[in-house]
Amino acid sequence: MNGKQKAHIEFTLNGERAEVAFAPHKTLLEVLREDLSLTGTKHGCELGECGTCAVLLDGRSVLSCLVLGLDAEGRSVQTVEGLADAAGLHPLQETFADTGAAQCGYCTPGFLLVAKELLAHNDNPSREEIKEALSGNLCRCTGYIKIYEAVELAAARMRGEEMELPREAVYGLE
Amino acid sequence: MSQNSDHKNFKVVGKPFRKVDARAKCTGQTLFADDITLPRMLYCKILRSPEPHALIKSIDVSKALAVPGVYAVITGKDLPIPYGILPVSQDEHALCVDKVRFIGDPVAAVAAIDEDTAFDAMNLIEVEYERLQTITSIEEAIMVDEPRVHDYGDAGNVHKKVHLEFGDLEEGFAAADHVREDVFFYEGNTHLPMEQHAALAHFDADDKLTLWSSTQTPHYVHRALAKTLELPAAHVRVIATPNGGGFGGKSDPFNHEIVVAKLSMITRRPVKVTLTREEVFYCHRGRHPVLMKIKTGVQRDGAITAMDFETFLDGGAYGSYGVASTFYTGALQTVTYEVPRYRFKGLRAFTNKPPCGPKRGHGTPQPRFGLEIQLDKIAEDLKLDPAEMRLKHLVKPESVTANYLRIGSMGLGKCIEKVVEGSGWKRKFRKLPAGKGVGLACSSYICGAGLPIYWNNMPHSGVQLGLDRQGGVRVQCGSIDIGQGSDSVLAYVVAEVLGIDPFDIRVLTADTDLTPVDLGSYSSRVTLMTGNAAIQAAERARELLSKAVAEKLSLPEENLAFAERRVFDVENPEVGVSFAEAVVLAESRFGTIGTVGSYTPPRSPGRFKGAGVGPSPAYSYSACVAEVDVDPVTGFVMVERVWIGHDIGRSINPMLVMGQVEGGVYMGLGEALMEEMIYRANRNVVHKFPSLLEYKSPTTLEMCDVKTYLVEDADPNGPFGAKEVGQGPLLPVMPAIANAVYDAVGVRIDEVPITPEKVLAALRAKAQGKDARYGPKGVPAVDWQEPLKVLTPAEGGDGREMPRVAVHS
Ligand code: FES
Ligand code: FES
């Protein structure tokens, strides 16, 4: 640390009050992963190019590799670790698991949080709106299609509708 | 072993179960390599060469060592033993010893208390280089013998030259009604996994080394560590962490793995390295750029009479898998349509660029691209429908090709029929309005390499089962899940045989201390090989349980069925015991219940030198129709939709198969339109854009719609009949798109990526009445050695090389 003073912040992390001390130049990504041991948030570039590190800051998605840890002072941060609660997984987590939208799973936390932000504003997004909302997140495994299906399924379930994956999404066309 | 005849109602196989690790991956609980930390852990940074080709004159690490918080600095002299994935290419050093061969080659490494300190110290290392002339292209490597990038290889800067001939080519061309010669170029590209490579080493109090690493091949890393560190292999443990994407890019043993192991041995503390995205580009091992010339003779109905295939690979600075890659560019041309006579010439060049290696489809997408476009041109020459022409000349199931590949099941015909019908091909081909077009292409891929990377007679995959008296089952296997779902496949297969729930199974994989060897997650081998090994282990366990239960219930063993966590009388289902009770009975009778299973691929009929690349227990097949919209003003190609049929043999889990098909189409789309690993056009061979932003890959906005058809035609060698899907569906996408562009605007783009600039250049040429084409003009003249000649099976050959006839001048 070359003798530099640590910064200290208080904020809300996944709904709980948290405090943490860290080297002041650290990004929120680094603070979460290294100083708070929340390794669910991933990185693919640390240059703001891939969306892998997305978290919600006061409910809005941000690239945690581009936000200083200091900027979280007094604010509310949500990471993938805060999506599920004692009652169970978030509907998006359920549908990502159900559709195989997480292949290697490395991009998944970022997609989940950006999708959550989308559904908070739009409970019935069209395929085009989903594509638009997720266009800042790269996934190299899925071709995005299972991710769209997972978001659509979760949106329907959150609206209280019964919905299953179309047969062609699971078995292909006849 | 494969249980095909057993047409019972599957309980698990063919069902869209969740993956066994799905919840962990959706909650952030999966621990990837960089997520692991140990107390007292140090951080490593690797200094890389800024020179593309140079001698190392001196390295001064004293300033770095003096930085407070630095615990060790190492250079090439600390790791003098070379290594490499192939026994014939042991040409890498973990840190360069006396010479650097590309910008990014590792030169020195630091272990320090934190990453910032390691980084600062790394920048204080002083290296003096003496520049050498660079070798920047295939052509240059052929022309320029000195300086050599390596002091081994077939000539100067030519790494490898192969020449194989199957049957009498001249007779074949003489029998043709039409002969075409075309030249194609496939630009290199890279895997770009979202997870950067990371590794953590711990040399512990017992002088034993553990390495956690994001690797697709823990077994080969184990061997490389033992060799380079001079440790007994028994004292080295490699744990592959779940890969955040691999696609072939984590299949070599890597310098950073050896470096952190060495630093841990020196400092006696855990040491971790996580590559930056830029460093991942330098690791590379991605798709070889391939220049190719194809000469094909056909009869009027499109039947191929002979094919002469020439490939030139830009290998980059090291061997890697390159010798295998070279052979692969010539291996699988024969497994889709009948090719009665076939010649292959392949050359791999050493150049001063990051090394190329295996990327999804390993060495086969490039020749497939050329071949499928050439067939489209041939169909047009002959005024045949390209789909019908292909359908007429398919390779027969249960046959042997001219180059001695044994075909098992073959569902390509059905794949073509499905995509032709689904896409409305007959309505659209050559009939859509200007700017819109459809194109078709097909392909095939291996389900695992028939031979291991180093010569041995042992199984390619091993599985160990442990049955717990409470009814739990533990599956141990050396395979590593790279996102394809291999852990889940193990659980599904064992659950099917033992009649239990896949989520009752604890899957323990990819730990060289705890799991039997599986060669790794490459060559689409895992489902077939570990699947068969798991079936064998599970059937052996089932036998023990059957014996004990049969005795207890006084029933013949054949009467017992295993399903729904019970073992029961098929004729009288209420008579039976729970699975857990069955284990108790078996354990009481035989002692602790554990079984093993293993898989070795069948021997291939080829006996000539070079016959080791191409054979596989089974081949998957794919057919694809792409529909595109080409803007003649901007040259921009938009792929609207892809229809793809894939012959999977049988889906172990159709939902995961669909995901692999869609992911393959996605990656193919990227390679077709935008992905390229290229360098600035000067002698410095600087990577043009080692970043996720500038290396273009498809986002949600470019990804096309995909319509998938799964063709199930169980293969006798597959577990429950299953074949591969991880790589095959990528292959037909690029040529289908190129053929569709031609249908849309009448220009041939004979190379990838098909960028707007290339489309516009071809459109301009067309408008000027010139050749309406963009692509390479020719291939370099090469002094090929005499071919190794093999008579084809049809000519009565036995798979051996023909004796060479002495030529008198
Ligand atoms: S790590 Fe890539 S955008 Fe933050
Ligand atoms: S699931 Fe692997 S990168 Fe998205």
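Remember, predicted model here, so these are calculated numbers, not experimental data.
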Rounded distance (nearest 0.5 Å) linking atom [atom1] of [X] with atom [atom2] of [Y]:
| X | Y | atom1 | atom2 | answer |
| --- | --- | --- | --- | --- |
| A:Cys139 | B:Met703 | SG | CE | 10.0 Å |
| B:Met194 | A:Cys50 | CE | SG | 4.0 Å |
| A:Gln103 | B:Gln484 | CD | CD | 9.0 Å |
| B:Met658 | A:Ile145 | CE | CD1 | 8.0 Å |

ask   = Can A:Tyr106 and B:Gln196 be said to form a side chain to side chain contact (heavy atoms under 4.5 Å, CB included), step by step?
value = CA-CA 10 Å; A:Tyr106 197 80; B:Gln196 303 114 306; 4.0 Å; yes

Hey, is the main chain of [Y] close enough, under 3.5 Å, to the side chain of [X] for a donor-acceptor pair?
| X | Y | answer |
| --- | --- | --- |
| B:Lys19 | A:Ala102 | yes |
| B:Arg23 | A:Leu89 | no |
| A:Gln93 | B:Cys26 | yes |

Toward chain B, the part of [X] with a non-hydrogen atom under 4.5 Å:
| X | answer |
| --- | --- |
| A:Thr142 | backbone |
| A:Tyr144 | side chain |
| A:Lys131 | both |
| A:Ala169 | backbone |
| A:Leu83 | neither |
| A:Leu173 | both |

task = Tell me, for B:Gln660 versus chain A, whether the close heavy atoms (under 4.5 Å) come from the side chain, the backbone, both or neither.
result = both

Is the shortest distance from a Lys or Arg side-chain nitrogen in [X] or [Y] to a carboxylate oxygen in the other one below 4.0 Å?
| X | Y | value |
| --- | --- | --- |
| B:Lys707 | A:Glu174 | no |
| B:Arg277 | A:Glu46 | no |
| A:Lys42 | B:Asp34 | no |

Audit row: B:Glu675, A:Arg140, salt bridge (charged side-chain N to carboxylate O under 4.0 Å, His left out) steps and yes/no = CA-CA 12 Å; B:Glu675 295 189 31; A:Arg140 286 294 275 175; 2.7 Å; yes

task = Start with the C-alpha gap between B:Thr700 and A:Tyr148, add the side-chain angles, then the distance that decides, and say whether side chain to side chain contact (heavy atoms under 4.5 Å, CB included) holds.
result = CA-CA 9 Å; B:Thr700 55; A:Tyr148 306 151; 3.4 Å; yes

task = Answer with yes or no whether the side chains of A:Glu81 and B:Gln29 bring together a donor and an acceptor at under 3.5 Å.
result = no

message = For A:His43 and B:Glu195, which I'm curious about, is there any donor-acceptor pair between the side chains at under 3.5 Å?
response = no

task = Taking all heavy atoms of B:Leu692 and all of A:Glu49, pick out the closest pair and write down the distance.
result = N-OE1, 3.2 Å

Where A:Tyr171 and B:Gly14 come nearest, the two heavy atoms and their spacing = CE2-O, 3.8 Å

query = Are B:Thr27 and A:Val80 close enough, and set up right, to give a side chain to side chain contact (heavy atoms under 4.5 Å, CB included), and what steps lead you there?
reply = CA-CA 6 Å; B:Thr27 49; A:Val80 68; 5.6 Å; no

inquiry  = Just so I know, are the side chains of B:Tyr666 and A:Cys141 near enough to count as touching, which here means a heavy-atom distance under 4.5 Å?
reply    = no

